[in-house]
Amino acid sequence: MSHDPNCLFCRIASGEIPAQKVYEDDELIAFKDIRPAAPVHLLIIPRQHVAGLGDVTAEHEALLGRMLTLAPRLAVEQGATNGFRTVINTGPDGGQEVYHLHLHVMGGPRPWKHG
């Protein structure tokens, strides 16, 4: 499993940097966004370092499926009971700020701050 010692999310996945985790297993970690754009704003990341959605290959299909399957469960568990939004920012023009694949899960009562 690849790991980038300079990557913020790799460091969160390894426990080096604390996060408000809401889920973790051998492949995935989910935690609360430190700058939430909605009342419920989670990030789901793989433990394996993948820079972004543009870097996935066929070997990542099951991982992506697990991320998307986990999203609705966590959204509801965290209080987004009336719907939620999922976003994967990819690359500079896609608004990606941390170059480690991550799925935003946002929900809760509107209006949102800047979502």
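Values reported hereafter were calculated over all heavy atoms of this structure, with side chains retained and with hydrogens, waters and symmetry mates removed. None of the values given here were measured: they were computed from a predicted structure.
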Applying side-chain hydrogen bond (donor to acceptor under 3.5 Å, both in side chains) to Arg66 and not counting sequence neighbours gives Asp25, Glu27
If we only count heavy atoms from C-beta on, is the Pro39 to Pro109 side-chain gap below 4.5 Å?
yes
What one should report as the nearest heavy-atom pair of Ala80 and Gly108 is CB-N, 3.9 Å
Distance from Ile29 atom CD1 to Lys21 atom NZ, nearest 0.5 Å?
5.0 Å
Is the closest side-chain heavy-atom distance between Leu28 and Leu63 below 4.5 Å?
yes
Taking every heavy atom of Met67 against every heavy atom of Leu101, the minimum-distance pair comes out as SD-CD2, 4.1 Å
Calculate, to the nearest 0.5 Å, the distance between atoms CD1 and CG belonging to Ile45 and Leu103 respectively.
11.5 Å
Shortest non-hydrogen contact from Ala38 toward Met106:
CB-CB, 4.0 Å
Between the NE2 atom in His60 and the CG atom in Leu53, the distance rounded to the nearest 0.5 Å is 10.5 Å
Rounded to the nearest 0.5 Å, the CD atom of Gln20 sits from the NZ atom of Lys32 at a distance of 5.0 Å
Hey, are the side chains of Cys10 and Glu16 touching, using non-hydrogen atoms and a 4.5 Å cut-off?
no
Main-chain N/O of Ala13 paired to Arg47 side chain as donor or acceptor, under 3.5 Å:
yes
Same hydrophobic cluster for Leu64 and Leu42, using side-chain heavy-atom links shorter than 4.5 Å among ILVMFWY?
yes
Closest non-hydrogen atoms of Val105 and Ala71, given as atom of the first, atom of the second and distance, are CG2-CB, 3.8 Å
Any chain of hydrophobic side-chain contacts (each under 4.5 Å) joining Val50 to Leu70?
yes
Hphob cluster co-occupancy, Val40 + Tyr23, side-chain heavy atoms under 4.5 angstrom
yes
In sequence, state the C-alpha distance, the side-chain angles, and the governing distance for His100 and Gln48, and then conclude on side chain to side chain contact (heavy atoms under 4.5 Å, CB included).
CA-CA 9 Å; His100 184 116; Gln48 173 186 7; over 6 Å; no
Would you check if the side chain of Gln96 reaches a backbone N or O of Gly91 as a donor-acceptor pair within less than 3.5 Å?
yes
Would you give the length of the straight line joining atom CG of Asn6 to atom OH of Tyr99, rounded to the nearest 0.5 angstrom?
15.5 Å
What are the two closest non-hydrogen atoms of Thr69 and Pro72, and how far apart are they?
O-CD, 3.3 Å
Test item: His104 side-chain N/O and His102 main-chain N/O as donor-acceptor pair under 3.5 Å:
no
My understanding is that only one of Val22, Ile44, Ile12 makes a side chain to side chain contact (heavy atoms under 4.5 Å, CB included) with Phe31; could you say which?
Ile12
Between the side chain of His41 and the main-chain N/O of Ala37, is any donor-acceptor distance below 3.5 Å?
yes
In Å, rounded to the nearest 0.5 Å, how long is the span from CD1 of Ile88 to CG of Leu43?
11.0 Å
Gly107 to Trp112 - nearest heavy-atom pair and separation:
CA-CZ2, 3.4 Å
